[in-house]
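Reading through the C-alpha coordinates given below for one structure.
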Amino acid sequence: MTAAPSQNAHPTNLTFDQELCGLVVDTEPRLFAVVQVCGDGADGWVAAWGLADSDGQTHAIGVDGRMRMTLGSPERTLRHFSRRAGITARLIWLAQPGSATTHQAAAA
(Lines give C-alpha, C1' and ligand atoms only; values in the text may rest on other atoms or scores of the structure.)
Protein backbone atom coordinates (compact mmCIF):
# COMPACT_ATOMS: atom_id res chain seq x y z
CA MET A 1 0.00 0.00 0.00
CA THR A 2 1.39 3.37 -1.02
CA ALA A 3 -0.12 6.53 0.42
CA ALA A 4 1.14 9.93 -0.65
CA PRO A 5 -0.10 12.97 1.27
CA SER A 6 -0.78 16.26 -0.45
CA GLN A 7 2.16 18.56 -0.99
CA ASN A 8 -0.10 21.30 0.38
CA ALA A 9 -0.58 19.50 3.71
CA HIS A 10 0.61 21.20 6.86
CA PRO A 11 3.25 19.22 8.78
CA THR A 12 0.81 18.58 11.62
CA ASN A 13 -1.70 17.05 9.16
CA LEU A 14 0.84 14.85 7.37
CA THR A 15 0.15 11.76 9.50
CA PHE A 16 -3.60 12.25 9.25
CA ASP A 17 -3.35 12.61 5.45
CA GLN A 18 -1.37 9.36 5.33
CA GLU A 19 -4.03 7.63 7.42
CA LEU A 20 -6.76 8.91 5.09
CA CYS A 21 -4.85 7.70 2.03
CA GLY A 22 -4.43 4.30 3.69
CA LEU A 23 -8.16 4.17 4.40
CA VAL A 24 -8.90 4.92 0.76
CA VAL A 25 -6.55 2.19 -0.48
CA ASP A 26 -7.98 -0.33 2.00
CA THR A 27 -11.60 0.33 0.97
CA GLU A 28 -11.23 1.08 -2.74
CA PRO A 29 -13.68 -0.76 -4.99
CA ARG A 30 -12.38 -2.83 -7.90
CA LEU A 31 -13.01 -1.33 -11.32
CA PHE A 32 -14.08 -3.51 -14.22
CA ALA A 33 -15.53 -3.28 -17.70
CA VAL A 34 -18.27 -5.45 -19.15
CA VAL A 35 -17.22 -6.28 -22.70
CA GLN A 36 -19.64 -7.68 -25.26
CA VAL A 37 -18.19 -10.05 -27.87
CA CYS A 38 -19.70 -11.31 -31.12
CA GLY A 39 -20.16 -15.07 -31.30
CA ASP A 40 -17.13 -15.68 -33.52
CA GLY A 41 -14.89 -13.49 -31.36
CA ALA A 42 -13.98 -11.20 -34.26
CA ASP A 43 -15.44 -8.06 -32.67
CA GLY A 44 -16.00 -6.71 -29.19
CA TRP A 45 -16.77 -3.47 -27.37
CA VAL A 46 -17.11 -2.04 -23.88
CA ALA A 47 -20.78 -2.07 -22.92
CA ALA A 48 -20.55 -0.96 -19.27
CA TRP A 49 -18.24 0.04 -16.43
CA GLY A 50 -18.59 -1.28 -12.92
CA LEU A 51 -17.35 -1.01 -9.35
CA ALA A 52 -17.24 -4.02 -7.05
CA ASP A 53 -17.03 -3.44 -3.30
CA SER A 54 -15.13 -5.83 -1.04
CA ASP A 55 -18.43 -7.38 0.11
CA GLY A 56 -19.38 -8.18 -3.50
CA GLN A 57 -21.94 -5.38 -3.89
CA THR A 58 -21.63 -4.24 -7.50
CA HIS A 59 -22.64 -1.06 -9.28
CA ALA A 60 -22.60 -0.91 -13.08
CA ILE A 61 -23.53 1.73 -15.62
CA GLY A 62 -23.87 1.30 -19.37
CA VAL A 63 -21.45 3.36 -21.45
CA ASP A 64 -24.37 5.37 -22.83
CA GLY A 65 -25.48 6.19 -19.25
CA ARG A 66 -29.02 4.90 -19.75
CA MET A 67 -28.69 1.68 -17.75
CA ARG A 68 -27.63 1.60 -14.10
CA MET A 69 -27.79 -1.40 -11.85
CA THR A 70 -26.82 -2.60 -8.41
CA LEU A 71 -26.27 -6.33 -8.10
CA GLY A 72 -24.88 -8.84 -5.63
CA SER A 73 -21.76 -9.67 -7.65
CA PRO A 74 -19.91 -8.56 -10.79
CA GLU A 75 -20.75 -11.86 -12.51
CA ARG A 76 -24.45 -11.02 -12.35
CA THR A 77 -23.89 -8.12 -14.74
CA LEU A 78 -23.02 -10.61 -17.47
CA ARG A 79 -26.54 -11.94 -17.90
CA HIS A 80 -27.83 -8.41 -18.57
CA PHE A 81 -25.35 -7.96 -21.41
CA SER A 82 -25.64 -11.45 -22.96
CA ARG A 83 -29.31 -11.42 -23.88
CA ARG A 84 -28.96 -10.90 -27.63
CA ALA A 85 -28.39 -13.92 -29.85
CA GLY A 86 -24.75 -14.35 -30.80
CA ILE A 87 -23.49 -11.94 -28.12
CA THR A 88 -21.56 -12.99 -25.03
CA ALA A 89 -20.27 -10.80 -22.23
CA ARG A 90 -17.02 -10.90 -20.28
CA LEU A 91 -15.62 -9.10 -17.27
CA ILE A 92 -12.30 -7.32 -17.76
CA TRP A 93 -10.72 -6.17 -14.49
CA LEU A 94 -8.48 -3.13 -14.36
CA ALA A 95 -5.20 -3.65 -12.54
CA GLN A 96 -5.08 -2.10 -9.09
CA PRO A 97 -2.27 0.37 -8.53
CA GLY A 98 -2.69 0.12 -4.75
CA SER A 99 -1.91 3.75 -4.15
CA ALA A 100 -3.70 6.95 -3.19
CA THR A 101 -2.88 10.61 -2.97
CA THR A 102 -4.55 13.80 -1.81
CA HIS A 103 -2.85 15.66 -4.66
CA GLN A 104 -4.92 15.68 -7.86
CA ALA A 105 -2.01 16.11 -10.26
CA ALA A 106 -0.22 13.08 -8.78
CA ALA A 107 -3.33 10.95 -9.38
CA ALA A 108 -3.37 11.62 -13.13
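Only this structure's heavy atoms are used, side chains among them; waters, hydrogens and symmetry mates stay out.
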### Query
Roughly how far apart are His59 NE2 and Thr77 OG1, rounded to 0.5 Å?
12.5 Å

### Task
List the steps, then state whether side chain to side chain contact (heavy atoms under 4.5 Å, CB included) holds for Phe16 with Cys21.
CA-CA 9 Å; Phe16 183 65; Cys21 288; over 6 Å; no

### Query
Where do Met69 and Ile61 land on the side chain to side chain contact (heavy atoms under 4.5 Å, CB included) test, with the steps shown first?
CA-CA 6 Å; Met69 60 183 80; Ile61 183 169; over 6 Å; no

### Query
What distance do Glu19 atom CD and Asp26 atom CG have between them, rounded to the nearest 0.5 Å?
11.5 Å

### Message
Could you see if Leu78 belongs to whatever hydrophobic cluster contains Met67? Use Ile, Leu, Val, Met, Phe, Trp, Tyr and a side-chain cutoff under 4.5 Å.
### Response
yes

### Message
Which heavy atom of Asp53 sits nearest to which heavy atom of Pro29, and what is that distance?
### Response
OD1-CB, 3.7 Å

### Query
What are the two closest heavy atoms between Thr58 and Gly56, and how far apart are they?
OG1-O, 2.8 Å

### Task
Answer whether the closest heavy-atom distance between the side chains of Trp49 and Leu31 falls below 4.5 Å.
yes

### Task
Decide yes or no for Val37 and Asp43: does some side-chain heavy atom of the first lie under 4.5 Å from some side-chain heavy atom of the second?
no

### Task
Could you grab the distance from atom OG of Ser82 to atom CD1 of Ile87, nearest 0.5 Å is fine?
9.0 Å

### Between CG on residue Leu71 and CZ on residue Arg79, distance to nearest 0.5 Å
8.0 Å

### Query
Do Val63 and Val34 share a hydrophobic cluster (ILVMFWY, side-chain heavy atoms under 4.5 Å, transitive)?
no

### Task
Show your working on side chain to side chain contact (heavy atoms under 4.5 Å, CB included) between Leu94 and Phe32 and close with a plain yes or no.
CA-CA 6 Å; Leu94 273 67; Phe32 66 92; 5.7 Å; no

#### Entry: Short side-chain to backbone donor-acceptor contact, Gln36 and Phe81, under 3.5 Å
yes

